[in-house]
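This report concerns only the one structure given below.
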Amino acid sequence: MTAPGNTEVVARSSASNRAFDVDRIRGEFPGLHQDIKGKPLVYLDNAASSQKPQQVIDAISDFYAHDYSNIHRGVHELSERATKAYESARLKVQAFMGAASEREIVFVRGTTEGINLVADSFGRANVGEGDEVLITTMEHHSNIVPWQMLCERNGASLKVVPINDRGELEMEEFKKLLGSKTKIVAVGHVSNALGTINPIRTIIELAHAQGTPVLIDGAQAAPHVAIDVRELDCDFYTISAHKMFGPSGMGALYAKESLLEKMPPYQGGGDMILSVSFEKTTYNRLPFRFEAGTPNIAGAVGFGATIDYLNGIGMDRIAAYEEELLDYGTNALRDVPGLRIVGEASHKASVISFVLDGIHPHDIGTILDQEGIAVRTGHHCAQPVMDRFGVAATARASLALYNTREDIDRLVEGLATVREVFS
Ligand code: 7TS
(Lines give C-alpha, C1' and ligand atoms only; values in the text may rest on other atoms or scores of the structure.)
Protein backbone atom coordinates (compact mmCIF):
# COMPACT_ATOMS: atom_id res chain seq x y z
CA MET A 1 0.00 0.00 0.00
CA THR A 2 1.54 3.28 -1.03
CA ALA A 3 -1.36 5.60 -0.23
CA PRO A 4 -0.09 9.00 0.90
CA GLY A 5 -0.92 9.97 4.46
CA ASN A 6 -3.10 12.72 5.76
CA THR A 7 -0.08 14.95 6.19
CA GLU A 8 -0.02 15.81 2.50
CA VAL A 9 -1.26 19.33 2.24
CA VAL A 10 -3.96 20.15 -0.27
CA ALA A 11 -5.09 23.74 -0.65
CA ARG A 12 -8.84 23.96 -0.12
CA SER A 13 -9.18 26.72 -2.68
CA SER A 14 -6.52 28.45 -4.64
CA ALA A 15 -8.76 30.91 -6.46
CA SER A 16 -6.80 33.82 -7.77
CA ASN A 17 -7.92 37.41 -7.54
CA ARG A 18 -8.67 37.59 -11.24
CA ALA A 19 -12.18 38.66 -12.23
CA PHE A 20 -14.58 35.94 -13.36
CA ASP A 21 -13.70 35.74 -17.04
CA VAL A 22 -16.40 33.77 -18.81
CA ASP A 23 -14.75 34.16 -22.23
CA ARG A 24 -11.54 32.60 -20.95
CA ILE A 25 -13.53 29.82 -19.28
CA ARG A 26 -15.50 29.12 -22.47
CA GLY A 27 -12.22 28.91 -24.36
CA GLU A 28 -11.19 26.02 -22.11
CA PHE A 29 -14.16 23.81 -23.09
CA PRO A 30 -13.64 22.40 -26.60
CA GLY A 31 -17.09 20.77 -26.62
CA LEU A 32 -18.79 24.16 -26.56
CA HIS A 33 -17.24 25.29 -29.83
CA GLN A 34 -19.14 23.40 -32.48
CA ASP A 35 -22.10 23.89 -34.74
CA ILE A 36 -25.19 21.76 -34.20
CA LYS A 37 -27.63 21.62 -37.12
CA GLY A 38 -25.60 24.43 -38.66
CA LYS A 39 -25.92 26.78 -35.66
CA PRO A 40 -23.42 27.50 -32.87
CA LEU A 41 -24.16 25.21 -29.92
CA VAL A 42 -25.90 26.64 -26.86
CA TYR A 43 -25.46 24.01 -24.14
CA LEU A 44 -28.15 24.29 -21.47
CA ASP A 45 -28.31 20.66 -20.31
CA ASN A 46 -25.77 20.90 -17.53
CA ALA A 47 -27.95 19.32 -14.86
CA ALA A 48 -27.87 16.10 -16.89
CA SER A 49 -24.13 16.32 -17.49
CA SER A 50 -21.63 19.08 -18.14
CA GLN A 51 -18.94 19.64 -20.77
CA LYS A 52 -15.25 19.06 -19.90
CA PRO A 53 -12.38 21.56 -19.86
CA GLN A 54 -9.18 20.76 -21.75
CA GLN A 55 -7.31 20.54 -18.41
CA VAL A 56 -9.45 17.55 -17.35
CA ILE A 57 -9.24 15.89 -20.77
CA ASP A 58 -5.43 16.31 -20.73
CA ALA A 59 -5.08 14.96 -17.17
CA ILE A 60 -6.91 11.76 -18.11
CA SER A 61 -5.08 11.38 -21.41
CA ASP A 62 -1.64 12.04 -19.83
CA PHE A 63 -2.36 9.55 -17.08
CA TYR A 64 -3.25 6.82 -19.56
CA ALA A 65 -0.25 7.71 -21.73
CA HIS A 66 2.41 7.80 -18.99
CA ASP A 67 1.40 6.63 -15.51
CA TYR A 68 -1.25 3.95 -15.98
CA SER A 69 -1.29 0.72 -14.01
CA ASN A 70 -3.48 -0.93 -11.41
CA ILE A 71 -3.30 0.55 -7.90
CA HIS A 72 -2.63 -0.56 -4.32
CA ARG A 73 -0.86 -3.75 -5.34
CA GLY A 74 2.33 -3.40 -7.33
CA VAL A 75 5.78 -2.64 -6.01
CA HIS A 76 6.69 -1.48 -9.49
CA GLU A 77 7.10 2.15 -10.46
CA LEU A 78 3.95 2.49 -12.57
CA SER A 79 1.72 1.00 -9.89
CA GLU A 80 3.22 3.38 -7.36
CA ARG A 81 2.64 6.34 -9.65
CA ALA A 82 -0.95 5.28 -10.38
CA THR A 83 -1.64 4.73 -6.66
CA LYS A 84 -0.22 8.13 -5.82
CA ALA A 85 -2.36 9.80 -8.52
CA TYR A 86 -5.51 7.98 -7.32
CA GLU A 87 -4.93 8.75 -3.65
CA SER A 88 -3.96 12.35 -4.26
CA ALA A 89 -7.30 12.77 -6.07
CA ARG A 90 -8.96 11.51 -2.89
CA LEU A 91 -7.16 14.20 -0.88
CA LYS A 92 -8.39 16.82 -3.32
CA VAL A 93 -11.98 15.60 -2.95
CA GLN A 94 -11.55 15.54 0.83
CA ALA A 95 -10.41 19.18 0.83
CA PHE A 96 -13.11 20.22 -1.68
CA MET A 97 -15.86 18.75 0.51
CA GLY A 98 -14.29 19.91 3.77
CA ALA A 99 -14.02 16.39 5.22
CA ALA A 100 -11.82 15.82 8.26
CA SER A 101 -10.02 12.77 6.89
CA GLU A 102 -9.41 10.94 3.60
CA ARG A 103 -10.84 7.88 5.35
CA GLU A 104 -14.24 9.57 4.99
CA ILE A 105 -14.10 9.77 1.17
CA VAL A 106 -15.25 6.66 -0.68
CA PHE A 107 -14.89 6.71 -4.45
CA VAL A 108 -18.06 5.53 -6.16
CA ARG A 109 -19.55 5.50 -9.66
CA GLY A 110 -21.55 8.61 -8.90
CA THR A 111 -24.31 9.92 -6.67
CA THR A 112 -26.54 6.96 -7.52
CA GLU A 113 -23.99 4.47 -6.24
CA GLY A 114 -23.24 6.62 -3.18
CA ILE A 115 -26.90 6.55 -2.15
CA ASN A 116 -27.22 2.82 -2.91
CA LEU A 117 -24.14 2.15 -0.79
CA VAL A 118 -25.66 3.94 2.22
CA ALA A 119 -29.14 2.47 1.73
CA ASP A 120 -27.67 -1.01 1.45
CA SER A 121 -24.96 -0.92 4.10
CA PHE A 122 -26.19 1.60 6.68
CA GLY A 123 -29.76 0.45 5.99
CA ARG A 124 -28.94 -3.22 6.51
CA ALA A 125 -27.51 -2.48 9.95
CA ASN A 126 -29.85 0.26 11.13
CA VAL A 127 -33.28 0.18 9.46
CA GLY A 128 -35.63 -2.62 10.53
CA GLU A 129 -39.25 -3.65 10.89
CA GLY A 130 -41.49 -0.68 11.72
CA ASP A 131 -38.74 1.92 11.21
CA GLU A 132 -39.06 4.87 8.85
CA VAL A 133 -36.94 6.55 6.19
CA LEU A 134 -37.76 10.21 5.54
CA ILE A 135 -37.26 11.74 2.08
CA THR A 136 -39.01 14.55 0.17
CA THR A 137 -41.32 14.91 -2.83
CA MET A 138 -38.62 16.63 -4.88
CA GLU A 139 -36.02 13.86 -4.81
CA HIS A 140 -34.41 12.46 -7.94
CA HIS A 141 -35.36 8.80 -8.47
CA SER A 142 -31.92 7.78 -7.23
CA ASN A 143 -32.78 9.24 -3.83
CA ILE A 144 -36.15 7.45 -3.81
CA VAL A 145 -35.78 3.98 -5.25
CA PRO A 146 -32.83 2.72 -3.12
CA TRP A 147 -34.81 3.68 0.00
CA GLN A 148 -37.96 2.02 -1.33
CA MET A 149 -35.95 -1.13 -1.95
CA LEU A 150 -34.52 -0.99 1.58
CA CYS A 151 -37.96 -0.44 3.14
CA GLU A 152 -39.41 -3.34 1.17
CA ARG A 153 -36.56 -5.63 2.19
CA ASN A 154 -36.50 -4.72 5.89
CA GLY A 155 -40.19 -4.03 6.61
CA ALA A 156 -39.71 -0.29 7.10
CA SER A 157 -41.80 2.51 5.59
CA LEU A 158 -40.96 5.49 3.45
CA LYS A 159 -42.25 8.92 4.57
CA VAL A 160 -42.30 11.86 2.19
CA VAL A 161 -42.15 15.58 3.03
CA PRO A 162 -44.51 17.54 0.74
CA ILE A 163 -43.63 20.72 -1.17
CA ASN A 164 -45.58 23.94 -1.71
CA ASP A 165 -46.62 25.54 -5.01
CA ARG A 166 -43.32 27.38 -5.33
CA GLY A 167 -41.43 24.10 -5.01
CA GLU A 168 -40.16 24.60 -1.45
CA LEU A 169 -40.23 22.00 1.30
CA GLU A 170 -43.08 22.27 3.80
CA MET A 171 -40.85 22.48 6.85
CA GLU A 172 -43.74 22.25 9.35
CA GLU A 173 -44.63 18.91 7.74
CA PHE A 174 -40.99 17.86 7.92
CA LYS A 175 -41.03 18.48 11.68
CA LYS A 176 -44.21 16.43 12.04
CA LEU A 177 -42.90 13.53 9.97
CA LEU A 178 -39.53 13.40 11.73
CA GLY A 179 -40.17 11.02 14.61
CA SER A 180 -38.54 8.50 16.88
CA LYS A 181 -38.99 5.84 14.18
CA THR A 182 -37.05 7.87 11.60
CA LYS A 183 -33.72 6.07 11.14
CA ILE A 184 -32.35 8.28 8.37
CA VAL A 185 -33.32 11.46 6.50
CA ALA A 186 -32.26 11.66 2.83
CA VAL A 187 -32.69 14.94 0.99
CA GLY A 188 -31.34 16.71 -2.06
CA HIS A 189 -29.27 19.86 -1.55
CA VAL A 190 -30.49 21.31 -4.88
CA SER A 191 -33.44 19.88 -6.85
CA ASN A 192 -32.62 18.87 -10.43
CA ALA A 193 -36.21 19.39 -11.58
CA LEU A 194 -37.00 22.68 -9.80
CA GLY A 195 -33.67 24.25 -8.87
CA THR A 196 -34.78 24.68 -5.24
CA ILE A 197 -31.94 25.01 -2.73
CA ASN A 198 -33.19 23.19 0.34
CA PRO A 199 -32.61 24.42 3.93
CA ILE A 200 -30.32 21.48 4.64
CA ARG A 201 -28.63 23.12 7.62
CA THR A 202 -32.00 23.36 9.42
CA ILE A 203 -32.92 19.83 8.34
CA ILE A 204 -29.65 18.47 9.73
CA GLU A 205 -30.06 20.34 13.01
CA LEU A 206 -33.63 19.13 13.48
CA ALA A 207 -32.74 15.52 12.64
CA HIS A 208 -29.66 15.53 14.87
CA ALA A 209 -31.69 16.94 17.77
CA GLN A 210 -33.23 13.50 17.94
CA GLY A 211 -30.20 11.52 16.91
CA THR A 212 -31.18 10.81 13.29
CA PRO A 213 -28.41 10.88 10.66
CA VAL A 214 -28.87 12.79 7.40
CA LEU A 215 -27.76 11.97 3.85
CA ILE A 216 -27.47 14.89 1.45
CA ASP A 217 -27.74 14.21 -2.28
CA GLY A 218 -25.35 16.86 -3.55
CA ALA A 219 -25.39 15.93 -7.25
CA GLN A 220 -26.85 19.29 -8.30
CA ALA A 221 -25.09 21.39 -5.67
CA ALA A 222 -21.45 20.44 -6.18
CA PRO A 223 -20.99 22.19 -9.58
CA HIS A 224 -22.57 25.41 -8.30
CA VAL A 225 -21.92 26.14 -4.62
CA ALA A 226 -19.16 25.52 -2.08
CA ILE A 227 -19.67 22.44 0.09
CA ASP A 228 -18.41 22.09 3.65
CA VAL A 229 -19.53 18.82 5.18
CA ARG A 230 -17.99 19.59 8.55
CA GLU A 231 -19.69 22.94 8.81
CA LEU A 232 -22.99 21.37 7.70
CA ASP A 233 -22.39 18.47 10.08
CA CYS A 234 -24.16 16.13 7.64
CA ASP A 235 -23.53 12.41 8.02
CA PHE A 236 -23.40 11.48 4.32
CA TYR A 237 -22.97 13.66 1.22
CA THR A 238 -22.79 12.31 -2.34
CA ILE A 239 -21.53 13.93 -5.55
CA SER A 240 -21.02 13.01 -9.24
CA ALA A 241 -17.88 14.13 -11.10
CA HIS A 242 -19.61 14.23 -14.50
CA LYS A 243 -21.89 17.08 -13.43
CA MET A 244 -18.82 18.97 -12.16
CA PHE A 245 -16.97 19.10 -15.52
CA GLY A 246 -15.22 15.84 -14.69
CA PRO A 247 -15.40 12.30 -16.08
CA SER A 248 -18.50 10.12 -16.08
CA GLY A 249 -18.65 6.93 -14.00
CA MET A 250 -16.95 8.68 -11.09
CA GLY A 251 -18.12 10.26 -7.88
CA ALA A 252 -17.60 10.43 -4.16
CA LEU A 253 -19.47 9.56 -1.02
CA TYR A 254 -18.52 11.49 2.09
CA ALA A 255 -19.44 9.58 5.24
CA LYS A 256 -18.59 10.41 8.84
CA GLU A 257 -15.85 8.07 9.96
CA SER A 258 -17.73 7.10 13.12
CA LEU A 259 -20.64 5.83 10.99
CA LEU A 260 -18.57 4.28 8.23
CA GLU A 261 -16.51 2.38 10.78
CA LYS A 262 -19.65 0.58 11.97
CA MET A 263 -21.19 -0.08 8.55
CA PRO A 264 -20.98 -3.57 7.02
CA PRO A 265 -19.19 -3.85 3.65
CA TYR A 266 -21.20 -2.96 0.55
CA GLN A 267 -19.58 -5.15 -2.12
CA GLY A 268 -17.05 -7.92 -1.60
CA GLY A 269 -13.93 -8.47 -3.67
CA GLY A 270 -10.31 -7.48 -4.10
CA ASP A 271 -8.81 -4.51 -2.25
CA MET A 272 -11.56 -4.37 0.40
CA ILE A 273 -9.98 -7.18 2.44
CA LEU A 274 -6.92 -7.65 4.64
CA SER A 275 -6.95 -11.43 4.49
CA VAL A 276 -9.20 -14.13 3.07
CA SER A 277 -9.58 -17.74 4.04
CA PHE A 278 -12.57 -20.05 3.67
CA GLU A 279 -13.03 -19.87 7.43
CA LYS A 280 -12.80 -16.12 7.87
CA THR A 281 -12.22 -12.92 5.93
CA THR A 282 -11.01 -9.74 7.59
CA TYR A 283 -11.77 -6.40 6.00
CA ASN A 284 -9.47 -3.58 5.03
CA ARG A 285 -9.31 -0.21 6.78
CA LEU A 286 -11.32 2.81 5.63
CA PRO A 287 -12.07 3.85 2.98
CA PHE A 288 -10.75 0.81 1.05
CA ARG A 289 -13.25 -1.50 2.77
CA PHE A 290 -15.91 0.17 0.60
CA GLU A 291 -14.01 0.06 -2.69
CA ALA A 292 -14.10 -3.55 -3.87
CA GLY A 293 -12.37 -4.39 -7.13
CA THR A 294 -10.31 -2.31 -9.54
CA PRO A 295 -11.87 1.16 -9.38
CA ASN A 296 -12.20 3.87 -12.02
CA ILE A 297 -8.55 4.88 -11.65
CA ALA A 298 -8.40 7.34 -14.54
CA GLY A 299 -11.79 8.66 -13.44
CA ALA A 300 -10.31 9.56 -10.07
CA VAL A 301 -7.39 11.31 -11.77
CA GLY A 302 -9.86 13.29 -13.89
CA PHE A 303 -11.92 14.04 -10.79
CA GLY A 304 -8.83 15.47 -9.09
CA ALA A 305 -8.16 17.62 -12.17
CA THR A 306 -11.74 18.93 -12.19
CA ILE A 307 -11.41 19.92 -8.55
CA ASP A 308 -8.17 21.76 -9.30
CA TYR A 309 -10.04 23.46 -12.12
CA LEU A 310 -12.97 24.55 -9.93
CA ASN A 311 -10.66 25.71 -7.14
CA GLY A 312 -8.70 27.74 -9.66
CA ILE A 313 -11.84 29.75 -10.39
CA GLY A 314 -13.33 29.61 -6.89
CA MET A 315 -16.72 28.16 -5.96
CA ASP A 316 -17.89 31.42 -4.42
CA ARG A 317 -17.18 33.28 -7.65
CA ILE A 318 -18.95 30.57 -9.66
CA ALA A 319 -21.99 30.79 -7.37
CA ALA A 320 -22.13 34.59 -7.63
CA TYR A 321 -21.84 34.53 -11.44
CA GLU A 322 -24.49 31.86 -11.82
CA GLU A 323 -26.89 33.58 -9.43
CA GLU A 324 -26.82 36.67 -11.60
CA LEU A 325 -27.26 34.55 -14.75
CA LEU A 326 -30.18 32.66 -13.23
CA ASP A 327 -31.89 35.98 -12.40
CA TYR A 328 -31.35 37.19 -15.95
CA GLY A 329 -32.66 33.91 -17.39
CA THR A 330 -35.68 33.78 -15.10
CA ASN A 331 -36.70 37.34 -16.00
CA ALA A 332 -36.15 36.72 -19.71
CA LEU A 333 -38.23 33.53 -19.72
CA ARG A 334 -41.02 35.11 -17.68
CA ASP A 335 -41.53 37.52 -20.59
CA VAL A 336 -42.11 34.69 -23.09
CA PRO A 337 -45.89 34.59 -23.83
CA GLY A 338 -47.60 31.42 -22.58
CA LEU A 339 -44.55 30.24 -20.60
CA ARG A 340 -44.88 29.06 -17.01
CA ILE A 341 -41.86 28.40 -14.85
CA VAL A 342 -42.23 25.28 -12.70
CA GLY A 343 -40.36 25.87 -9.45
CA GLU A 344 -40.12 29.41 -8.14
CA ALA A 345 -38.50 28.90 -4.77
CA SER A 346 -36.93 31.93 -3.11
CA HIS A 347 -33.56 30.12 -3.04
CA LYS A 348 -32.67 28.52 -6.35
CA ALA A 349 -29.64 27.41 -8.29
CA SER A 350 -28.96 26.79 -11.96
CA VAL A 351 -32.26 25.26 -13.12
CA ILE A 352 -35.20 26.79 -14.99
CA SER A 353 -37.94 24.24 -15.67
CA PHE A 354 -40.85 25.44 -17.75
CA VAL A 355 -43.91 24.54 -19.79
CA LEU A 356 -45.39 26.39 -22.77
CA ASP A 357 -49.17 26.59 -23.19
CA GLY A 358 -50.42 23.90 -25.56
CA ILE A 359 -46.97 22.68 -26.66
CA HIS A 360 -45.51 19.38 -25.49
CA PRO A 361 -42.06 19.75 -23.87
CA HIS A 362 -40.71 17.09 -26.22
CA ASP A 363 -41.64 19.32 -29.20
CA ILE A 364 -39.98 22.28 -27.49
CA GLY A 365 -36.77 20.27 -27.11
CA THR A 366 -36.85 19.01 -30.69
CA ILE A 367 -37.34 22.45 -32.24
CA LEU A 368 -34.72 24.01 -29.95
CA ASP A 369 -32.30 21.31 -31.10
CA GLN A 370 -32.86 22.46 -34.69
CA GLU A 371 -31.67 25.87 -33.47
CA GLY A 372 -28.53 24.36 -31.91
CA ILE A 373 -29.88 24.69 -28.37
CA ALA A 374 -29.57 21.70 -26.01
CA VAL A 375 -32.12 21.47 -23.20
CA ARG A 376 -33.57 18.43 -21.47
CA THR A 377 -37.24 17.60 -21.71
CA GLY A 378 -39.16 14.94 -19.81
CA HIS A 379 -39.71 14.08 -16.17
CA HIS A 380 -36.03 14.55 -15.27
CA CYS A 381 -36.05 11.34 -13.19
CA ALA A 382 -38.28 13.15 -10.72
CA GLN A 383 -41.74 11.86 -11.58
CA PRO A 384 -43.25 12.71 -8.17
CA VAL A 385 -42.37 16.36 -8.82
CA MET A 386 -44.21 16.24 -12.15
CA ASP A 387 -47.23 14.70 -10.40
CA ARG A 388 -47.12 17.41 -7.73
CA PHE A 389 -47.29 20.14 -10.38
CA GLY A 390 -49.82 18.29 -12.55
CA VAL A 391 -47.57 18.08 -15.62
CA ALA A 392 -46.27 15.03 -17.46
CA ALA A 393 -43.00 16.69 -18.30
CA THR A 394 -41.20 20.04 -18.47
CA ALA A 395 -38.50 21.58 -20.61
CA ARG A 396 -35.44 22.40 -18.54
CA ALA A 397 -32.65 24.87 -19.15
CA SER A 398 -29.84 24.22 -16.69
CA LEU A 399 -26.92 26.61 -16.39
CA ALA A 400 -23.23 26.20 -15.70
CA LEU A 401 -20.26 28.48 -15.19
CA TYR A 402 -19.61 28.77 -18.95
CA ASN A 403 -23.10 29.95 -19.92
CA THR A 404 -23.76 33.56 -20.82
CA ARG A 405 -26.57 36.05 -21.26
CA GLU A 406 -26.20 35.46 -25.01
CA ASP A 407 -27.07 31.79 -24.41
CA ILE A 408 -30.26 32.89 -22.65
CA ASP A 409 -31.07 35.33 -25.46
CA ARG A 410 -30.64 32.50 -27.99
CA LEU A 411 -33.00 30.35 -25.88
CA VAL A 412 -35.62 33.10 -25.87
CA GLU A 413 -35.29 33.46 -29.67
CA GLY A 414 -35.55 29.68 -29.99
CA LEU A 415 -38.75 29.68 -27.96
CA ALA A 416 -40.17 32.34 -30.28
CA THR A 417 -39.50 29.92 -33.16
CA VAL A 418 -41.22 27.11 -31.21
CA ARG A 419 -44.29 29.32 -30.77
CA GLU A 420 -44.29 30.28 -34.46
CA VAL A 421 -44.19 26.63 -35.53
CA PHE A 422 -47.17 25.85 -33.30
CA SER A 423 -49.18 29.04 -33.93
N1 7TS B 1 -29.48 13.23 -7.60
C2 7TS B 1 -29.81 14.32 -8.29
C3 7TS B 1 -30.39 15.51 -7.58
C4 7TS B 1 -29.61 14.35 -9.68
O5 7TS B 1 -29.93 15.43 -10.37
C6 7TS B 1 -29.06 13.22 -10.32
C7 7TS B 1 -28.88 13.15 -11.80
C8 7TS B 1 -28.71 12.12 -9.54
C9 7TS B 1 -28.93 12.16 -8.18
C10 7TS B 1 -28.05 10.91 -10.11
O11 7TS B 1 -26.76 11.22 -10.46
P12 7TS B 1 -25.83 10.16 -11.24
O13 7TS B 1 -24.62 10.95 -11.57
O14 7TS B 1 -25.58 9.05 -10.31
O15 7TS B 1 -26.61 9.75 -12.44
N16 7TS B 1 -29.70 14.03 -12.52
C17 7TS B 1 -29.92 14.04 -13.85
C18 7TS B 1 -30.71 14.98 -14.47
O19 7TS B 1 -31.26 15.92 -13.90
N20 7TS B 1 -30.75 14.73 -15.79
O21 7TS B 1 -30.01 13.64 -16.04
C22 7TS B 1 -29.49 13.20 -14.83
Legend entry - Sidechain-backbone polar pair: Glu139 side chain, Gly188 backbone, donor-acceptor under 3.5 Å: yes

Inset, instruction - Mark yes or no for whether Ser79, through its side chain, and Gly74, through its backbone, hold a donor-acceptor pair below 3.5 Å. - result: yes

Inset, instruction - Over all heavy atoms of both residues, which pair between His141 and Pro384 is shortest? Give the atoms and the distance, please. - result: NE2-CD, 4.0 Å

Inset, instruction - Could you grab the distance from atom CG of Leu401 to atom CE of Met244, nearest 0.5 Å is fine? - result: 11.0 Å

Inset, instruction - Please check if the side chain of Ser240 supplies one atom and the backbone of Thr111 the other of a donor-acceptor pair under 3.5 Å. - result: yes

Inset, instruction - Examine distances only and state if a side-chain atom of Thr137 and a backbone atom of Val385 form a donor-acceptor pair shorter than 3.5 Å. - result: no

Inset, instruction - Kindly give the heavy-atom pair with the smallest separation between Met138 and Ser191, and that separation in Å. - result: SD-CB, 3.5 Å

Inset, instruction - Take Arg396 and Asp45 through the salt bridge (Lys or Arg N to Asp or Glu O under 4.0 Å) test and state the conclusion after the steps. - result: CA-CA 8 Å; Arg396 179 186 69 180; Asp45 194 19; 3.6 Å; yes

Legend entry - Arg201 side chain to Leu232 backbone, donor-acceptor under 3.5 Å: no

Legend entry - Backbone N/O of Ile57 and side chain of Ser61: donor-acceptor pair under 3.5 Å: no

Legend entry - Ring center gap for His140 and His380 short of 6.0 angstrom: no

Inset, instruction - Please answer whether the main-chain N or O of His242 pairs with a side-chain N or O of Ser49 as donor and acceptor at a distance below 3.5 Å. - result: yes

Legend entry - Aromatic centroids of Phe245 and Tyr309 separated by under 6.0 Å: no

Legend entry - 4.5 Å side-chain heavy-atom contact, Lys92 and Phe303: no

Inset, instruction - Return yes if some donor-acceptor pair links the side-chain N/O of His72 with the main-chain N/O of Asp271 below 3.5 Å, else return no. - result: no

Legend entry - Donor-acceptor side-chain pairing of Tyr402 and Asp23 below 3.5 angstrom: no

Hey, can you pull the donor-acceptor pairs under 3.5 Å for the side chains in residues 288-299, sequence neighbours left out?
from   : atom 1 : to     : atom 2 : distance (Å)
Arg289 : NE     : Asn284 : O      : 2.9
Arg289 : NH1    : Glu261 : O      : 3.3
Arg289 : NH2    : Glu261 : OE2    : 3.0
Glu291 : OE1    : Tyr86  : OH     : 2.9
Glu291 : OE1    : Arg90  : NH2    : 3.2
Glu291 : OE2    : Arg90  : NH1    : 2.7
Glu291 : OE2    : Phe107 : N      : 2.7
Thr294 : OG1    : Asn70  : ND2    : 3.0
Asn296 : OD1    : Gly299 : N      : 2.8
Asn296 : ND2    : Gly249 : O      : 2.9

Legend entry - Euclidean distance, Lys348 NZ relative to Ile197 CD1, rounded to 0.5 Å: 10.0 Å

Legend entry - Leu325 to Asn403 - nearest heavy-atom pair and separation: CD2-O, 3.4 Å

Inset, instruction - Please report the C-alpha distance between Asp131 and Asn126 in whole Å, then the side-chain angles of each, then the deciding distance to 0.1 Å, and finally whether the side chain to side chain donor-acceptor pair (under 3.5 Å) criterion is met. - result: CA-CA 9 Å; Asp131 289 338; Asn126 296 285; over 6 Å; no

Inset, instruction - With rounding to the nearest 0.5 Å, note down the distance linking OG in Ser353 to CD1 in Ile341. - result: 9.5 Å

Inset, instruction - Verify the neighbour count for atom CD of Gln54: are there more than 12 heavy atoms of other residues, nucleotides or ligands below 6.0 Å? - result: yes

Legend entry - Verdict with reasoning, Tyr254 to Phe236, per side-chain contact (heavy atoms from CB on, under 4.5 Å): CA-CA 5 Å; Tyr254 159 79; Phe236 304 102; 5.8 Å; no

Inset, instruction - Would you indicate whether Glu323, at its atom CD, is surrounded by more than 12 heavy atoms from other residues, nucleotides or ligands within a distance under 6.0 Å? - result: no

Inset, instruction - Please check if any side-chain donor atom of Ser350 sits under 3.5 Å from a side-chain acceptor atom of His224, or the reverse. - result: yes

Sequence neighbours left out, cut at 3.5 Å: what donor-acceptor pairs do the side chains of residues 359-366 make with other protein atoms?
from   : atom 1 : to     : atom 2 : distance (Å)
His360 : ND1    : His362 : N      : 2.9
Thr366 : OG1    : His362 : O      : 2.8

Legend entry - NZ/NE/NH1/NH2 to OD/OE distance under 4.0 Å, Arg26 and Asp407: yes

Legend entry - Carboxylate-amine/guanidinium contact Arg317 Asp21, below 4.0 Å: no

Inset, instruction - Taking the side chain as every heavy atom from C-beta outward, state whether Leu399 and Leu44 have any atom pair closer than 4.5 Å. - result: yes

Legend entry - Side chain proximity check, Glu28 to Val56, heavy atoms < 4.5 angstrom: no

Legend entry - Within-4.5 Å side-chain heavy-atom neighbours: Val391 and Arg340: yes

Inset, instruction - Return yes if some donor-acceptor pair links the side-chain N/O of Thr196 with the main-chain N/O of Asn198 below 3.5 Å, else return no. - result: no

Legend entry - SB check Arg124 Asp120 (cutoff 4.0 Å): yes

Legend entry - Exam field: side chain Lys243 to backbone Ala48, donor-acceptor pair closer than 3.5 Å: yes

Legend entry - Separation of Gln51 CD from Asn46 CG (nearest 0.5 Å): 7.5 Å

Inset, instruction - List the atom of Glu113, the atom of Gln267, and the distance in Å for their closest heavy-atom pair. - result: OE2-OE1, 4.2 Å

Legend entry - Salt-bridge present (Glu77, Arg81; N to O < 4.0 Å): yes

Legend entry - Separation between OG of Ser157 and CG of Leu134, rounded to the nearest 0.5 Å: 10.5 Å

Legend entry - Side chain to side chain, Ile184 and Trp147, heavy atoms closer than 4.5 Å: yes

Legend entry - Euclidean distance, Leu274 CG relative to Thr281 OG1, rounded to 0.5 Å: 10.0 Å

Inset, instruction - Flag the pair Phe29 / Tyr43 as yes when their ring centroid distance falls below 6.0 Å, and as no otherwise. - result: no

Inset, instruction - Compare all side-chain heavy atoms of Phe122 with those of Leu260 and state whether any distance is below 4.5 angstrom. - result: no

Inset, instruction - Looking only at non-hydrogen atoms, find the nearest pair between Pro247 and Gly302 and report the distance. - result: CD-C, 3.6 Å

Legend entry - Salt-bridge present (Glu371, Lys39; N to O < 4.0 Å): yes

Legend entry - His33 atom NE2, over 12 foreign heavy atoms within 6.0 Å: yes

Inset, instruction - Work out which heavy atom in His76 is nearest to a heavy atom in Ser69; give both atom names and the distance. - result: CE1-OG, 3.2 Å

Legend entry - Side chain to side chain, Ile105 and Pro287, heavy atoms closer than 4.5 Å: no

Inset, instruction - Would you check, one step at a time, whether the test salt bridge (Lys or Arg N to Asp or Glu O under 4.0 Å) holds for Glu257 with Arg103? - result: CA-CA 7 Å; Glu257 190 170 354; Arg103 292 184 295 280; 2.7 Å; yes

Residues 203-221 side chain polar contacts: donor-acceptor under 3.5 Å, at least two apart:
from   : atom 1 : to     : atom 2 : distance (Å)
His208 : ND1    : Asp233 : OD2    : 3.3
His208 : NE2    : Asp235 : OD2    : 2.7
Gln210 : NE2    : Gly179 : O      : 2.7
Gln210 : NE2    : Thr212 : OG1    : 3.3
Thr212 : OG1    : Thr182 : O      : 3.2
Asp217 : OD1    : Ala219 : N      : 3.0
Gln220 : NE2    : Ala47  : O      : 2.9

Inset, instruction - Would you mind reporting whether Met97 and Glu104 have side-chain heavy atoms less than 4.5 Å apart? - result: no

